[in-house]
Amino acid sequence: MSGPDSDRLATVGAIQQTLTSQVITRVRSLDHLPQEVVTGALHCILDTLGVAIAGVHEAVTAHVRDDVLDEGGSPQATLWGTGHRVSRPQAALVNGTAAHAIDFDDVVSRMDGHPSAPLLPAVMAAADGMPISGKDFIAAFVAGFETEALVGQLMKPSHYARGFHATATVGTFGAAAAVAHLLRLDDNQWAHAFGIAGSRAAGLKSMFGTMTKPLQVGSAAENGLRAATLAARGVTAHTDVLGTTQGFLDTQSDGGGTSEAWTWTELAITEVLFKYHAACYLTHSAIEGALSLRESGVKPEVIDSITVLVPAGHLRVCNIGEPSTPLEGKFSLRFTTAMAFVTGDLSEQAFSPASLINPQVVALRDRVQVDARTDSDSRSSIVRVILADGSERVAEVNVNQSTPARHLARRWDTLVTKFHSLVDPVMGRAAADRIVEDVARLPSAESLESLLNALSARTR
């Protein structure tokens with residue numbers, strides 16, 4: 001065979017030999033999804049919309065939104081909870097920032113980060129105004145999610161350990177993949193989209209506890225969306241950004257990641273974890289341990305000291321000793337552990353300036369010592385309390401357990417409760433109910449119009 005067809009096949013064949021193409025091959029075909037995968041996607045979508053709407057009025061979201069509105073742009077996509085229409089990349093930036101602004105979004109360990117916050121705003125902005133069915137939208141979302149798991153697993157553990165914010169860096173690939181899937185790009189365009197995404201992916205853990213942490217996630221959504229749309233227009237890049245010398249893996253990790261790391265057989269979305277406390281997920285095992293001791297009768301006034309033992313990597317993420325802002329409080333094992341014992345409330349509303357100076361919380365926080373576990377393979381946290389009478393109470397908890405399929409209906413109910421706790425105060429119960437109903441109907445929806453209209457309603 002000769003001519004254009006043979007050239008195309010030769011190009012595709014060359015691409016398929018690369019590490020990048022192996023990711024593309026795995027995720028491009030994700031159309032016929034098992035029911036538990038669809039259910040998992042709906043849970044992620046609802047939860048992300050809830051935390052994003054709750055984050056609409058956070059200072060960082062307001063600043064980014066004001067900057068975008070001053071800039072002006074073609075009215076292509078909705079800024080959730082405001083009614084404003086802006087360009088698609090602008091919507092991805094603002095909504096992505098909002099989705100991570102209160103740090104209450106979902107987690108997957110294969111990525112070492114939060115998968116949905118950079119992903120959903122990008123693919124929803126791309127779908128806005130397009131004749132996309134709910135089924136196709138879900139397939140695109142799952143493709144982006146699986147991409148984040150695949151790329152994240154390649155980069156582990158050195159990428160995150162070096163100080164890169166994987167939600168922002170790896171999340172850029174997930175956003176690009178979801179939009180590429182939605183736009184039905186061919187293999188070659190996918191490879192170029194990944195190359196563009198890799199060249200724009202950025203994010204640093206040194207920004208944790210500041211407004212720039214959620215901004216990095218908004219930028220990932222924007223950059224991933226742009227990577228796919230630019231590739232669709234013909235912008236080219238290196239087609240093996242993951243595997244090539246001086247590519248993403250080579251420059252931002254120890255370079256040892258290979259496709260042999262992809263050992264899972266079910267899609268990674270079945271392993272997603274959700275936050276039920278409004279703090280960094282790495283504080284949750286310690287929080288649950290403290291809450292269990294509190295429920296067993298351990299009162300703050302009888303506590304002499306607390307030792308919290310956590311995996312060593314936690315110390316570089318959520319170990320702010322004396323937080324000065326509510327956002328810093330979400331990244332403080334000492335503060336969140338003290339909050340769990342004193343109030344038992346770690347909701348979004350609980351992280352306030354008043355809580356930072358609560359005398360009981362501060363006094364107990366100063367009696368909390370955080371140390372690394374010596375058994376490095378364990379993912380659980382240990383809370384050890386010495387009481388005033390010299391006796392000891394201990395709790396060990398590991399929150400890194402995925403939900404079995406038989407419990408997914410119960411998880412949906414729990415997430416709906418969380419959603420209402422976040423959205424009702426800013427949009428009202430009726431508006432929140434409509435969003436829940438529209439998300440639940442996505443698998444059979446002919447378009448996203450109803451959901452997008454519900455999201456365009458103004459917050460109070």
Side-chain angles (χ1 to χ4, degrees), residues 30-33 35 37-53 56 73-96 98-99 105-106 115-145 174-185 218 221-222 224-226 228-229 232 269 412 415-416 419 423 427 430-459:
L30 296 179
D31 289 312
H32 303 291
L33 303 175
Q35 182 56 50
V37 170
V38 173
T39 299
L42 296 180
H43 291 191
C44 293
I45 291 167
L46 181 71
D47 190 64
T48 306
L49 292 175
V51 297
I53 291 168
V56 163
S74 177
Q76 300 169 326
T78 296
L79 296 185
W80 304 336
T82 70
H84 293 299
R85 300 279 292 175
V86 296
S87 72
R88 290 190 174 90
Q90 289 172 327
L93 171 64
V94 177
N95 293 335
D105 42 319
D106 59 19
S116 298
L119 166 56
L120 182 64
V123 70
M124 191 162 279
D128 203 325
M130 293 182 63
I132 302 296
S133 70
K135 178 182 176 182
D136 288 342
F137 180 79
I138 291 169
F141 180 87
V142 173
F145 196 109
V179 178
H181 196 282
L182 195 74
L183 299 180
R184 301 189 181 278
L185 302 190
E222 177 189 16
L225 171 64
R226 282 197 181 277
T229 57
I269 201 167
W412 172 260
L415 290 172
V416 169
F419 181 87
V423 178
M427 294 189 80
D433 280 338
R434 181 182 172 188
I435 295 170
V436 172
E437 292 166 2
D438 283 332
V439 171
R441 286 196 294 258
L442 273 177
S444 59
E446 294 183 0
S447 75
L448 302 187
E449 183 177 2
S450 181
L451 176 57
L452 289 167
N453 286 339
L455 292 170
S456 69
R458 291 182 178 273
T459 58

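Every value quoted in this text rests on a predicted model; they were computed, and no experiment measured them. Heavy-atom basis, side chains included; hydrogens, waters and symmetry copies ignored.
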With a 4.5 Å limit on heavy-atom distance, are the side chains of W80 and M124 in contact? yes
Those residues at least two apart in sequence (or on a different chain) that pass salt bridge (Lys or Arg N to Asp or Glu O under 4.0 Å) with D47 are K418
For I132, give me all partners under side-chain contact (heavy atoms from CB on, under 4.5 Å), at least two apart in sequence or on another chain. A127, M130, D136, F137, L182
Does R441, at its CZ atom, have more than 12 non-hydrogen atoms belonging to other residues, nucleotides or ligands within less than 6.0 Å? yes
Identify, with sequence neighbours excluded, every residue that meets ring-ring contact (aromatic ring centres under 6.0 Å, His included) alongside H43. W412
Partner set under side-chain hydrogen bond (donor to acceptor under 3.5 Å, both in side chains) for E222, not counting sequence neighbours: none
Who are the side-chain hydrogen bond (donor to acceptor under 3.5 Å, both in side chains) partners of S450, not counting sequence neighbours? D438
Residues forming a salt bridge (Lys or Arg N to Asp or Glu O under 4.0 Å) with R88, sequence neighbours excluded: none
For T459, the side-chain contact (heavy atoms from CB on, under 4.5 Å) test, sequence neighbours excluded, returns I53, V56, H57, V426, M427
Least distance between heavy atoms, D106 atom then P115 atom: OD1-CD, 3.3 Å
Got V38 and V142 here, is their nearest side-chain heavy-atom distance under 4.5 Å? no
Separation of N95 CG from T78 OG1 (nearest 0.5 Å): 8.5 Å
My understanding is that only residues two or more places apart in sequence, or in another chain, count here; which of them pass side-chain contact (heavy atoms from CB on, under 4.5 Å) with P75? R85
Over all atoms of both residues, closest heavy-atom pair of L42 and P443: CD1-CG, 3.8 Å
Side-chain heavy-atom pair V94, V86 within 4.5 angstrom cut-off: no
Which atom names give the shortest non-hydrogen contact between A143 and A177, and what distance separates them? O-CB, 4.3 Å
Can you list everything that forms a side-chain contact (heavy atoms from CB on, under 4.5 Å) with E446? Sequence neighbours excluded, please. none
By side-chain hydrogen bond (donor to acceptor under 3.5 Å, both in side chains), which residues pair with R434, not counting sequence neighbours? none
